[in-house]
Structure formats: structure tokens, C-alpha cells
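Owing to the predicted nature of the structure, the values given are computational and were not obtained by experimental measurement. So you know, we letter chains A, B, ... as the sequences are listed, proteins then strands, and number each from 1.
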Amino acid sequence: MTEPSPPPAAPIADRYEPAAVEARWYPEWERRGYFRAEPDHPGPPYCIVIPPPNVTGSLHLGHALVNTLQDILIRAKRMDGYNTLWVPGTDHASIAVHVILERQLEAEGKTRQDLGREAFLERAWRWKEESGGTIIRQLRRLGASCDWTRERFTMDAGLSRAVREAFVRLYDEGLIYQGDYIVNWCPRCQTVLADLEVEREERDADFVYIKYGPLTLGTVRPETKLGDTGLAVHPGDPRYTQYVGRTLRIPSVNGEIDIQVVADEAVDPDFGTGVIKVTPGHDPTDFEIGRRHNLPVRTVIGFDGRMTALAGTYAGLDRFECRKRIVEDMQALGLIDRIEPYRHAVGLCYRCKTVVEPLVSKQWYVNVKPLAEVAIAAVREDRIRILPRSWSKTYFHWMENIRPWCISRQLWWGHRIPVWYCDADGSVHVSRTDLAACPKCSGPVRQDPDVLDTWFSSGLWPFSTLGWPDDTPELRTYYPTSVLVTGYDILFFWVARMAMLGLHLMKEVPFRDVYIHTLVRDPQGQKMSKSKGNVIDPLGVMERFGTDAFRFTLAILAVPGVHDIRIADERVEAHRNFANKLWNAARLVLSNLDGYERGGDVGPAGLPGRWIESRLQATMTSVRDGLDAYRFSDAAAAIYQFLWNDFCDWYLEIAKVSLYHAADPAERNRVQHALVTVLERTLRLLHPFMPFITEELWQRLPHEGASIMVAPYPKAAAPPDAAAEREMGLLMETITAIRNIRGEMRLSPAQTLTVTVKAAAGDDALLRAHGALVETLARARVTTDPRATRPRASALGVVGRSEIYVELEGLVDLAAERQRLEKEIRRTTEAIAFTRGKLSRPDFTERAPAEIVDKEREKLAEQEALHAKLVASLSWVG
RNA sequence: GGGCGGAUAGCUCAGUUGGGAGAGCGCAGCCCUUACAAGGCUGAAGUCGCAGGUUCGAGCCCUGCUCCGCCCACCA
């Protein structure tokens, strides 16, 4: 174990400067191997696989959030003694890479076809080597404690082997098959898209009513008219029964055509004219209708988005150009009945936003239905917990209505489909290894030119990264992984596929928990996008406010829920201030440690010491409970409140009394001990959230061990000290009451007040014992006397059954006190009326639980007592 | 078309078994009190979207409505 860095001798700056601290500690942790995990390390395994960011990516707020949350969990578990592994890596993102590279090529006036497959792939790899590391470097900047020695890439040799293994097994089981169906085709990307990869967008269009002989029907895509092979009506539609089964000869743009009329349930008789044209080649519904009625597929739009030879005079025209032209032509021929405006959803390619064209083509599919059933059961039986629970419903809905998954893509960057065709004997071979010749006839073979959907390989991620298909120690130790942290946007794309593939290939769930976090939006609630120019760069935020402040902000925003969170500078700034507060609190402690002997017997703690200890214990419990339930916000807020409100605002102020004016050296030593031990544990508790500043300060404080990263995670060891909390509460209320009068009376903080406390019986001893504390924190001379009489010209404060008199003689006009009292009286009068009203209703006193009624009675008694005191005081004032 | 969620202080949002509403920021007043002005103390501010219902009691449970947001979907 490397020795810890000695605390710098130089005095500590009065502001926390994150940059140097962050730059120093991350490489040091990595160098010491704290991020590394091994199956034979001690402790129960705890494993997270990172949602692999696209190699194309650079860190955005979504990455920052998901990886901060994972790092918080991982760091806490590592400190807590788990054998902790966080597997990092990146995804090859076929289509995203294609979009980027093809844009580059376009700028050079080239297409990928000009380049050819080999050269394109070479370029893609080069690009990956150059730019693919960006996001990984940025994750380090975020403090992510991934085991970088285990970094994976979906196109690594190992993972590619896993992809082939999965494909071959599923094929052998008959779950992967090839078929001709209508697909979503992106004419720009030149590839098929899965249904999930098609986005919908509302657009205005012309609803064109075309005359088909005796019939009229409406369409928004008149150009597909050229591919019509039928007309369809609802079987029960009396208007059209006479036409069903007939073949009509009707005039059209390219002369007369024969067209068959069929009856099909899919037609909605109430929409439009109740007649639809059937274009099996260019519409999913029509494709199904065509299949049912044996209507031929007539492809008039090609893969390039231009009209085919079958479009006759329109051949070669762009599909949208053709739409305009054909309407003009039909108008000239009198074939158009009317045109109405219409708003409807069009399908867009999720990567390049090109309008998707439905086309018939041969693709590879996975029959996911049987896999989905198993994956549904896993969630139903709680073997996978989806949190927040409400997401299960979405998961079930999608899984229960799942359709075959189209896994082939007409792209080059990705895992090439491991299928070889022999043209000589027509055989098809699926193989784990590359084939050079046909196993049957030894003739030449050609491999399927397509690659697999990117999500096919990411669906294997939780086990492919651990060595599958080999039976590795990693796989045995860390699978199933403990939790998957991700956003709801990839619940179907990724989480569902991992659940299905993991359960099928590993016979075991890929993760126990799935924590679905919300997405991050800009301060106006807008989705961040480059085109809107509202993208907040996490690196810039970290630069300005520090990584710890940024992480803490993300954690405290991470409320379990379903609506998105917004991030604004002010939030991060507030937590930058929190870091600074912590820094200065530590500075105060550190500058008062002279003479402190660690490990010595300091004797029993005083009341404030017991109190802060009790608060700390409660905080530890809150933080652990929060983390266990993925309530990051609760956990972070608990530390924030403890550190700022309890520790800084109260305990440090109290401690100063002993530090600066210690009654005896033992007392000073006791306080030093409390300061050190409380702060040291608080730093450990906070470390997963704010790793850098906590390490820096921890190293400077007396501590055990080489690094806070590998120090134990604090755990509550004692129940709350109820007596200490109650007694300190009374003292704090007393101090607040005096301060309150000072504030309301506009008395200068510099003015030492003269205060008499008429202590109630039970509180007398306590107030006397800690009179000095009250005097210092309230800046007052305090006389405690159960039989005190009220001095003339004084303000009244009430704490419990004790009364506090603050002398105002010569300080302020009594009118101010009168005003203050009147306000208080109005308040209590209202409160009493409310409580009395409640208690006067028999139904309440008879039907509410006795303890509730008693509480109300006590409350009323208190309110009335306070009221009486205030009223008496009012007449007393004048 | 189906489903889900939201509406709480000027702003952004918490509020987990239903017992007279909280935080951060902002605002007002007083303070450079030897850790911190990126700070301290004090204070003002809410008919918890609207209308009903259940209950002794509703921000919380039920119904309806209004206004937002998201997801899914083969009405051309």
C-alpha cells in the first residue's frame, strides 16, 4: 500500500479551488489500483456494467447523470467492503457512425459506395481510434471509478465472438430467420430501421381525394397510387358490397388500369370515403391486406427514394417531386375530386430525420416473442426489480405487444452477419468461424453483406463484457450484475433486449435491479439539442464550479420519478458554495488542532458533543437508507443538512467557545476529538458524492488508512440520543428566541443584550449549566432564575414553559415590542380558534384516535398559555 | 386512438403508511462577529390547478373537469 500524501505544509486557502485537487487525486487513485476488481478479491460481489456510450459521443448531461449515480453506488459499496466492479466501455453505434462519416464524405463530394466497404471500414476504425477515446477521458474527469483495465468495446474480438455465438445459437434454435416483409427504409442511410428506430412527427399534408372510376378515396401519398394493386372496403359496408370481388377498369395517369376490389376488416368505414387503395409495396397495412388477398407487390419507389421503372413516365423522379407532379397531372385529367388539409404523423429516421419509406425487402429477424415471455415473468416474479416501479407497466405493455425484431442493417460498420451463401449449390451456412468455402460442395461462398443492429451486441453487454461465451471467473463472480442504471429512453432499445437475451443465453437475469433515472433538460424544460443551441456542456460546468459541486447537484436532483429534471447554473453554484462551506469548516477544525493527541482517552462528551454525535448517527442511517432505495436526492440532502445546519451553524459555533476559551485542557481536547471524529466520518459519508474534496480534506485530518476511497463506509453504531437531542433542542430554541427578538427589534448583532430567563422547573438546571453557551451564541448576558421578575422595558420570548426577557431599556422604543407582540397575538388567536373548533366537534373527539385528540388538547393548552403570556405582556408594555 | 405522468412560496422542486405544508435560489432587514460575504442572524411570502366525493380529518385516497408534458399505435 502506498503511503498517503503528506498534508501540504502551506496554509490552506480560504476558498476551495477544485481544479488542482481534482487533477491530483484521480490519477493517484488510478495509479494505486483502487478501481481494479478481481473475482478472488474478498467481499460479496457488487457489479455494474456501464451503459456504453456511443464512440461518436462526447460527454453530455445525460452521461454525466447516469455515470455520477453509478459512481456513487460503486464508491459506497467499495467502501462498504464489497468486491466492487464497474465495467466501462463504448458502443460502436453503427448507424450513428455512418451518419457522421457519410457527412464527412459528402463534404468531400463522395459517397460511401465511392469509397467501397474496405476503405470505409478502415476510415471508420481510424476515426474510432482518434475520437473514440474522448468520452472515456471525460468520464475520468467526472471522477468515475471504473475498472479501466476491463474497458470493452462492442466490436472487440471477444465481444464479436459473443455476438456470433449468440447469433448461431438463436439461429440453431429457429429463433433467427430471414424473410421478405415490409420494412422501414431510410433512403438516406440506405438501410432498414427497426420499428423503434422510427420517430413520429406531426406534419401538415394534403389529403387528396382521387377518383377511381365509380369510387373516390383519399390519400396523403398520391405517388404510391402507381403501386396500387387493389382497392379495399370494409366487408360490412353496404355502400360498396356491389363492388367487392370485381375488377374495375379505370382511367389513371398512365392510361387505363385494371384494379381488383377486396373486402378487409382493416378498413375503417368511417374514415374518409371508406375506400382505400391497396399499395402492398409501400404501406404496412396494405402489405398485410395484400397478403390476405393475394394482391401482388408492385414496387414503384426504390431504395434510393426515387421512382422506379414501374412508375412509367415518372421513373427517376424523387418521391416527393413525383407527389407534386402526379397531383398536377391528375388534376389536368380531372381525376381529382378535391384536396383537403390534413395533419398526420410521418415516420422519420431517428438518426438523420429523413422520411422513412416503407418498402418490401429481405431481412433477418429474431422471433422475440418466446424470449419476451420469459423476460416478462422475470419482472413479474421480482427477479428483476424495475425502479421506480411505475416503469414496469410500460415494460410489460411493450413486451406483451412485441413484434419480430429486425436485426439486419444495410450498413458496413458493425458485426457482419455470420451467414455465408453458396451460389453453386444454393446452400446457406451460419457459422461461428469465417467460411472460405462451401462446406457442402467446397465451392466459393459469399458472406451476407449486412451487419447486425447495434442493439444486438449491446443486448449481450452484461455477460459479453465478463467473458461470455467462455465460463470465466468474472462471469461466475459478477453475473448477474447488481444494478443497471439507465434512462427511460432506452428501456425498450436496451434494457428489454438485455433482459431477453440474458435470460435466454445465460439462463439467469442480467441484473437484479434496474434503476430508471429521469432525463436532464435545460432550465426551460426543453430537451437539449445541438440545433436548439441549448446544450449545456458538463465539462464547462465542472470547469466553472468543480466536479464535486456538479456531481452533488446531479445527485440531489435525482428524485425517483418519471418527469424530467432541469438543471440551471444556480443549482450548481449553490453546491459549489456547499463545497466551499465544507472546505472552510475543515479549515476551522484543522487550524485548531494544536495539542490534540489522537487516540487518547478524552473522557465523556458534553451535551453538544452527544448531540452532534446523535445527529451524525441519524444522518448515516438516512444516507444508507437513501442509497439502498436509490433515493440519491434524500441521501445527498441528508448530508447537506447535517453538514451545513447541524455541524457548521451550530456545533462549530459551540465548539469555538471551548476552543478559544477552554475552561481546561481536557475540555479543549474533548472538543478537538469530537470535531475530528465527526468531520472525518462525515467526509467518508460524503465521499461517494463528492470524491475529490473529501479525499483532499480527509488526508489533512487525522485518519486511518491510505485513502478515503478505501476507508470504511460509516454505519450508525448507536441509536439516537433522545435526551441530548431534546436538551440541545431547548438550548437552541432559547438562543433562537433571543436572536429572534434581536432581529425583529433591529438590534445590532454587536450589541450585547441583557437577558433574564425565568426557567420552568424542569429546564432550570439545564439552562444554568449551559448558560455560557447561550450567552455566547446569543451574544447576551443571561441570568437564569425560576423566580425572576420581569425587568421593566423588556421584550418577551417564550420557549416551552420558560420565559425569556430581553431588556430594551435605552435600546429601542417600546412601540416596536408592542407591534411584535400584537403580531404574535394575532397568530396565536387564530391558532387557538382553529384548535378549539376542532376539539368542539364531538365527531372528532369521539372518532379520532385518542392519541391524536390528546395531542390536540395539549396543543390547545400550550397555545392558550402562550396567548395569555403575550396578552399580559402587551398590557405590561403599555 | 391507447397508456403514463405533472399542476404545491416569485423561480426550480421535495413532501413513502391521510393528523393545521418544506428545501434551495430569489426577496427584505441587520451584520466584513479572527472557518467561510461563495458567509452569519432574522424575517416576509402558499385558497397545495378547478369542482365534487370518502373521512372526525385530504397536498396525499376516489370521480369528473381544465391546462401542460411524455411514451406507444398499420386510420390510409
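For A:Asn584, the side-chain atoms get nearest to B:rA35 when compared with the rest of B:rA35, B:rC56, B:rG24. Distance from the side chain of A:Asp634 is smallest for B:rU16 among the nucleotides B:rU16, B:rA35, B:rA76. For A:Arg403, taking side-chain heavy atoms from C-beta onward, the closest of the listed nucleotides B:rG15, B:rA76, B:rC74 is B:rC74. With distances taken from any side-chain atom of A:Glu744 to the nucleotides B:rG43, B:rA76, B:rG24, the minimum falls on B:rG43. In this structure, of B:rG24, B:rC72, B:rG20, it is B:rG24 that holds the atom nearest to the side chain of A:Tyr640. Closest to the side chain of A:Asn577, from the set B:rC74, B:rA38, B:rG15, is B:rA38. The side chain of A:Pro749 sits closest to B:rC31 out of B:rC70, B:rC31, B:rG20. For A:Arg631, whose side chain is taken as the heavy atoms from C-beta onward, the closest listed nucleotide among B:rG39, B:rG15, B:rA38 is B:rG15. The side chain of A:Pro284 sits closest to B:rC74 out of B:rG15, B:rG19, B:rC74. Candidate nucleotides B:rA38, B:rG20, B:rG39 were compared by shortest atom distance to the side chain of A:Lys859, and B:rG20 ranks first.
A gap of 9 Å separates the C1' atoms of B:rA45 and B:rG10, to the nearest Å. Only the P atoms considered, B:rC50 is 15 Å distant from B:rC11, to the nearest whole Å. The separation of B:rG29 from B:rC61, taken at their C1' atoms, amounts to 44 Å, rounded to a whole angstrom. A distance of about 30 Å separates the C1' atoms of B:rC13 and B:rC30, rounded to the whole Å. Using atom P as the reference point in both B:rC32 and B:rA38, the two lie 16 Å apart (nearest Å). The separation of B:rC74 from B:rC70, taken at their C1' atoms, amounts to 22 Å, rounded to a whole angstrom. Separating the C1' atom of B:rC36 from that of B:rA14 is a span of 27 Å, rounded to the nearest Å. Going from the P atom of B:rG24 to that of B:rC41 covers 11 Å, rounded to whole Å.
The residues A:Arg700 and A:Glu696 are annotated as salt-bridged, a charged nitrogen and a carboxylate oxygen being separated by less than 4.0 angstrom. Using a cut-off of 4.0 Å between Lys/Arg side-chain N and Asp/Glu carboxylate O, A:Arg576 and A:Asp569 are scored as not salt-bridged.
A:Arg742 comes within contact range of no nucleotide atom at all, as no heavy-atom separation falls under 4.0 Å. Contact annotation for A:Thr736: backbone-only contact, meaning every heavy-atom pair under 4.0 Å involves sugar-phosphate atoms and none involves a base. Counting any heavy atom pair closer than 4.0 Å across all strands shown, A:Asn740 reaches sugar-phosphate atoms only and no base atom. At a threshold of 4.0 angstrom between heavy atoms, the contacts of A:Tyr342 are confined to the sugar-phosphate backbone, with no base atom among them. Using a 4.0 Å heavy-atom criterion, one finds that A:Pro842 contacts no nucleic acid atom at all. Using a 4.0 Å heavy-atom criterion, one finds that A:Lys393 contacts the sugar-phosphate atoms exclusively. Counting any heavy atom pair closer than 4.0 Å across all strands shown, A:Tyr660 reaches sugar-phosphate atoms only and no base atom. Nucleic acid contact class of A:Ile182 (heavy atoms, under 4.0 Å, all strands): none. Backbone-only contact: A:Arg739 has heavy atoms under 4.0 Å from sugar-phosphate atoms and none from a base. Residue contacts for A:Arg827: at a heavy-atom cut-off of 4.0 Å it reaches the sugar-phosphate backbone alone, with no base atom in range. Residue A:Ala345 is out of contact with every strand shown, counting any heavy-atom pair closer than 4.0 Å. Heavy atoms of A:Arg15 sit under 4.0 angstrom from at least one base atom.
In this structure, B:rC30 forms a base pair with B:rG40, meeting either the Watson-Crick or the G-U wobble geometry with both donor-acceptor distances under 3.5 Å. Checking B:rG64 for Watson-Crick or G-U wobble geometry (two distances, each under 3.5 Å) identifies B:rC50 as its partner. When both pairing distances are held under 3.5 Å, B:rU55 makes no Watson-Crick or G-U pair with any nucleotide shown. Base pairing of B:rG22: its partner is B:rC13, meeting the Watson-Crick or G-U wobble criterion (both donor-acceptor distances under 3.5 Å). In this structure, B:rA35 forms no base pair with any nucleotide, since neither Watson-Crick nor G-U wobble geometry is met with both distances under 3.5 Å. Here B:rA73 sits opposite no nucleotide as a Watson-Crick or G-U wobble pair (both hydrogen-bonding atom distances under 3.5 Å).
The side-chain ring of A:Phe271 is not stacked on the base of B:rA76, judged by centre separation under 5.5 angstrom and plane angle under 30 degrees.
Between the CG atom of A:Leu839 and the P atom of B:rG57 there is a distance of 15 Å, rounded to whole Å. For the pair A:His234 NE2 and B:rC75 P, the interatomic distance rounds to 16 Å; values are reported in whole Å. Between A:Leu387 atom CG and B:rU16 atom C1' the separation is 14 Å, expressed in whole Å. Between A:Gln863 atom CD and B:rG20 atom C1' there is a gap of 10 Å when expressed in whole angstrom units. Rounded to an integer number of Å, the gap from CG of A:Leu747 to C1' of B:rC31 is 13 Å.
When each of A:Tyr16 and A:Trp398 is assigned the nucleotide of RNA chain B bearing its nearest heavy atom, the one mapping closer to the 5' terminus is A:Tyr16. Map A:Phe578 and A:Ile832 each onto its nearest nucleotide of RNA chain B; the residue landing nearer the 5' end is A:Ile832.
The CD1 atom of A:Ile693 lies 11.0 Å from the CD atom of A:Glu17; values are rounded to the nearest 0.5 Å. Separation of atoms OG1 (A:Thr694) and CG (A:Leu679) is listed at 10.5 Å; rounding is to 0.5 Å.
Note on A:Trp644: every side-chain N or O is 4.0 Å or more away from OP1 and OP2 of B:rA38. Dashed line: the shortest gap from a side-chain N or O of A:Arg779 to OP1 or OP2 of B:rC30 is not under 4.0 Å. Phosphate proximity of B:rC56 to A:Arg847: present, with a side-chain N or O under 4.0 Å from OP1 or OP2. Listed pair A:Arg571 / B:rG24 fails the phosphate criterion, with no side-chain N or O lying under 4.0 Å from OP1 or OP2.
Each of A:Glu856, A:Gln863, A:Glu830, A:Glu864 was compared with A:Thr835 under the side chain to side chain donor-acceptor pair (under 3.5 Å) criterion, and only A:Gln863 meets it.
A:Arg319 places none of its side-chain heavy atoms less than 4.5 Å from the side chain of A:Arg221.
Between A:Tyr640 and A:Trp644, the ring center distance clears the sub-6.0 Å criterion. Checked against the 6.0 Å centroid criterion, the rings of A:Phe578 and A:Phe689 do not qualify as a close aromatic pair.
Residue A:Glu653 places a side-chain atom within donor-acceptor reach of the base of B:rA35, judged by atom type and a 3.5 Å distance cut-off alone. For B:rA35, the base has a donor-acceptor partner in the side chain of A:Lys656 [N/O atoms by modelled type, under 3.5 angstrom]. Looking at A:Thr394, its side chain has no donor and acceptor atom pair within 3.5 Å of the base of B:rG3.
When the shell of 6.0 Å around CD of A:Gln819 is examined, it contains 12 or fewer heavy atoms from other residues, nucleotides or ligands.
Taking the centre and axis of the six-membered ring of A:Tyr212, the NZ or CZ atom of A:Lys225 falls inside the cone set by 45° and 6.0 Å.
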